[in-house]
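The block underneath contains the structure these notes are about, expressed in structure tokens.
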Protein chains: 2
Amino acid sequence: MARTDIARRVYNHTWKLDPIVRSLLDTDFYKLLMLQMIWGVYPKVDATFHVINRAKHIRLADEIDIGALREQLDHARTLRFSKKEMIWLAGNTFYGRKQIFMPEFLAWLEDFQLPEYEISVRDGQFELEFHGPWTHTTMWEIPALAIINELRSRVALREYGPFALDVLYARAKAKMWEKTERLRKLPNIKLSDFGTRRRHSFLWQRWCVEALKEGIGDNFTGTSNVLLAMDTDLEAVGTNAHELPMVLAALAESDQELIQAPYKVLEDWQRYYGGNLLIVLPDAFGTASFLKHAPGWLAEWTGFRPDSAPPIEGGERIIRWWQEHGKDPREKMLIFSDGLDVDTIEETYRHFEGRVRMAFGWGTNLTNDFEGCAPVPTSRLHAISLVCKVSEANGRPAVKLSDNPAKATGDEREIERYIRVFGQEARLEKPVKV
Amino acid sequence: MARTDIARRVYNHTWKLDPIVRSLLDTDFYKLLMLQMIWGVYPKVDATFHVINRAKHIRLADEIDIGALREQLDHARTLRFSKKEMIWLAGNTFYGRKQIFMPEFLAWLEDFQLPEYEISVRDGQFELEFHGPWTHTTMWEIPALAIINELRSRVALREYGPFALDVLYARAKAKMWEKTERLRKLPNIKLSDFGTRRRHSFLWQRWCVEALKEGIGDNFTGTSNVLLAMDTDLEAVGTNAHELPMVLAALAESDQELIQAPYKVLEDWQRYYGGNLLIVLPDAFGTASFLKHAPGWLAEWTGFRPDSAPPIEGGERIIRWWQEHGKDPREKMLIFSDGLDVDTIEETYRHFEGRVRMAFGWGTNLTNDFEGCAPVPTSRLHAISLVCKVSEANGRPAVKLSDNPAKATGDEREIERYIRVFGQEARLEKPVKV
């Protein structure tokens with residue numbers, strides 16, 4: 001006998017909006033860490049963020065209805081941190097430290113609201129921009145990306161009947177579980193979820209996170225998603241991102257200040273955080289240049305996150321740098337987080353095993369891998385390389401070079417100037433898949 | 001087309017236990033307030049609690065399988081306060097006050113586990129007792145009652161087919177919503193949920209609490225259930241209970257100490273709590289006697305909770321006492337909590353409106369009223385008067401007289417002695433329904 005909960009069914013079929021983002025904690029932990037520092041040190045800086053679809057051949061604005069996108073963005077702007085969320089932020093231990101967020105910062109956060117957005121369509125792409133104080137625009141990055149990605153999934157899913165949907169998720173779950181079984185064979189792996197921004201959907205991310213928790217146990221060390229961390233008693237993980245050196249570089253008054261900008265921001269960081277939060281992200285303007293000019297005190301930091309160089313080559317370069325500074329790499333940490341999947345995780349793990357501490361931040365291929373799962377083949381479930389980058393700070397253009405020229409963002413002439421200042425040693429073009 | 005989530009269905013049909021109590025916060029808030037004081041002032045006192053079914057004609061041990069009861073009690077003993085729960089207890093505001101729980105107390109609570117239990121069957125009733133330190137046995141009251149009551153509901157529900165179950169809950173929801181509509185007509189009512197111990201089930205209590213929240217809005221001022229308060233951003237409410245004067249009375253060395261015991265415990269209370277937590281529960285050994293010997297400083301307290309006298313008569317007596325002590329009752333509060341339903345709430349509200357501040361703690365008839373809802377009539381869904389009372393403190397018998405002799409508990413000879421000491425002015429027998 002088949003029964004239906006009539007009230008629930010009617011509710012499900014009559015609601016006005018199924019919000020994609022339902023909590024301001026549904027964001028990456030590093031946004032909160034960076035926000036506290038921006039609030040403390042750069043409260044007057046304006047920063048513009050904008051969303052960039054690197055997969056130009058995907059005409060997002062043709063796939064996704066702009067009205068539906070506006071509704072989701074508007075809904076996110078109605079959110080505030082709830083009482084329970086504020087209590088948890090104040091009381092939880094992050095990276096082994098209590099009260100990582102200062103009471104004054106939390107008091108300010110209590111009234112936080114996502115700022116306004118500007119949206120238009122050009123050449124089949126959304127031009128989605130956030131203007132205003134850095135303390136506010138920075139917080140759009142993750143919800144904006146998660147909203148666009150999930151809206152795109154929903155469009156694709158509308159094509160399927162109920163059995164096809166059932167099979168799609170059945171295959172995706174089986175695929176995810178196979179990955180889990182392979183990871184279980186790496187006995188000392190430390191792996192966490194970095195997949196919020198690119199996820200297929202919130203519920204799918206939660207499924208993957210809980211599957212990993214059951215599948216590899218304590219080797220699953222946390223999630224960058226603060227809401228999931230709270231709800232599942234996992235550690236919230238993450239440190240800092242490119243927007244910090246990018247804004248500081250944009251604000252530099254001379255080439256000399258420009259070349260110092262990536263270190264200045266790490267000095268700020270060090271005043272706010274310690275221990276395992278002292279992770280260097282070296283590739284904003286090329287890792288080779290960063291290491292060449294890096295001050296000695298950076299060798300005291302816990303580790304590096306080589307984010308756009310090939311993992312083995314990038315890791316080896318950093319190990320050499322530690323050795324040149326008289327450090328034992330076995331006491332240091334490398335965090336890998338760029339376009340990982342089980343193959344690259346296994347290869348990197350086996351290459352560096354015993355030589356350095358490692359952690360893997362697994363993103364898109366954890367939370368949005370439906371390759372080969374659709375009963376009727378479609379390209380619309382392939383994750384795309386969508387990012388939300390700072391493009392201006394106090395009216396000046398912001399630039400990222402990256403170790404991979406395909407990941408560079410910013411005004412062309414400024415990019416040329418940055419290359420002149422930082423050089424382009426060891427930068428290597430490779431296709432950006434995710 | 002009817003679809004079934006096969007994995008979920010198999011999971012639902014193969015699990016070993018459907019736990020009734022899944023969190024140590026699934027208890028009444030007053031237990032935590034009392035526990036902190038017991039931990040602070042009476043850490044060495046032993047107290048025995050035992051479960052009493054006042055409805056002797058219901059042979060509970062014939063209805064409920066003792067093995068199933070053991071499984072549920074054993075499961076409750078596996079629980080610990082989770083990290084998120086500890087953070088919330090430390091960080092939440094209760095009755096407008098931050099850090100109502102001291103850090104030392106919370107550190108102690110982190111390792112808390114429900115102590116062992118003893119169970120046997122006599123005359124168709126369970127003899128369920130908890131022996132040991134008061135700091136531990138006190139915490140069994142609510143989970144033990146909730147477990148027995150829900151196990152009894154489950155037995156009754158097993159008789160029904162799926163449509164009958166659907167109709168049962170449909171009627172119960174409609175009935176509950178009618179009550180909500182009547183309460184909405186009392187514009188200044190302050191009402192909260194006191195129904196954890198007697199609930200039909202945890203899920204039904206949650207439904208009722210959320211229905212009231214939607215139905216009467218801000219006039220619904222909270223729930224005594226700490227877990228529901230946390231999960232639904234409601235206020236946790238409750239103050240203290242009879243076990244405090246009962247234990248202090250049992251420990252009294254003389255009749256003179258005995259008559260002072262109810263005031264001594266309130267002196268302790270006052271050292272721990274203030275404001276709206278200063279509520280007197282006057283009826284443990286008869287309200288008339290309590291008021292006759294009450295020290296003047298009690299007139300400074302916020303209010304009284306007359307718990308076993310008829311509400312209007314009991315309230316009037318306390319109003320007279322405030323007037324005799326030169327207090328304006330309009331600045332004082334009466335909390336009504338004994339066997340309320342919408343009729344008595346309306347009557348009491350209208351009687352006292354404008355003369356005193358009022359709050360209603362609605363219990364059994366909120367969370368366990370299935371009268372007239374069962375498609376096949378049964379008495380097994382009627383709530384029964386099941387209590388868990390302290391029966392001994394440091395080996396001496398504990399007694400409660402109450403304003404209603406039908407609610408008296410304890411050794412017969414001790415009851416006689418207490419009546420000799422406290423008198424029995426204005427005690428009035430009325431049937432105990434819930």
Side-chain angles (χ1 to χ4, degrees), chain A residues 1-9 11-12 23 25 80-94 96 98-101 103 106-107 110 160-170 172-174 176-177 203 207 210-211 214 222 226-236, chain B residues 1-9 11 23 25 80-94 96 98-101 103 106-107 110 160-174 176-177 203 207 210-211 214 222 226-236:
Chain A
M1 193 214 52
R3 274 176 318 127
T4 302
D5 180 334
I6 304 170
R8 172 167 297 277
R9 190 172 188 287
Y11 176 73
N12 282 345
S23 157
L25 283 191
R80 302 292 183 280
F81 289 98
S82 78
K83 194 172 151 194
K84 184 169 88 173
E85 292 171 343
M86 291 304 305
I87 291 169
W88 184 81
L89 283 176
N92 193 35
T93 305
F94 298 99
K98 284 200 167 190
Q99 296 190 298
I100 205 163
F101 299 111
L106 290 174
E110 233 172 72
Y160 296 101
F163 277 94
L165 280 177
D166 219 12
V167 170
L168 173 79
Y169 284 107
K173 286 174 179 178
M176 173 63 204
W177 196 254
L203 292 177
W207 192 92
E210 296 189 324
E214 184 172 320
V226 195
L227 182 63
L228 289 177
M230 181 178 82
D231 283 346
T232 58
D233 266 352
L234 278 167
E235 293 294 323
Chain B
M1 192 215 53
R3 276 177 315 127
T4 301
D5 180 335
I6 304 169
R8 171 167 298 278
R9 188 172 189 285
Y11 175 72
S23 156
L25 282 191
R80 301 292 183 278
F81 289 99
S82 78
K83 193 173 151 196
K84 182 168 90 173
E85 293 172 342
M86 290 304 306
I87 290 169
W88 184 82
L89 283 176
N92 192 36
T93 305
F94 297 100
K98 285 200 166 189
Q99 296 190 297
I100 204 163
F101 298 110
L106 290 174
E110 236 172 70
Y160 295 102
F163 277 94
L165 280 177
D166 219 12
V167 170
L168 173 79
Y169 283 107
R171 285 180 175 162
K173 286 174 179 179
M176 173 63 205
W177 196 255
L203 293 177
W207 191 92
E210 296 190 323
E214 182 172 321
V226 195
L227 182 64
L228 288 177
M230 181 178 81
D231 283 345
T232 59
D233 266 353
L234 280 166
E235 293 293 323

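Scope of the values below: all heavy atoms of this structure, side chains included, with no hydrogens, waters or symmetry mates. Keep in mind the model is a prediction, meaning the values are calculated, not measured.
Between atom CD of residue B:Glu85 and atom CG of residue A:Asp233 there is a gap of 8.5 Å, rounded to the nearest 0.5 Å.
Annotation for A:Met230 and B:Lys84: closest pair O-CD, 3.5 Å, computed over non-hydrogen atoms.
Both the backbone and the side chain of B:Asn92 come within contact range of chain A, with heavy atoms under 4.5 Å apart.
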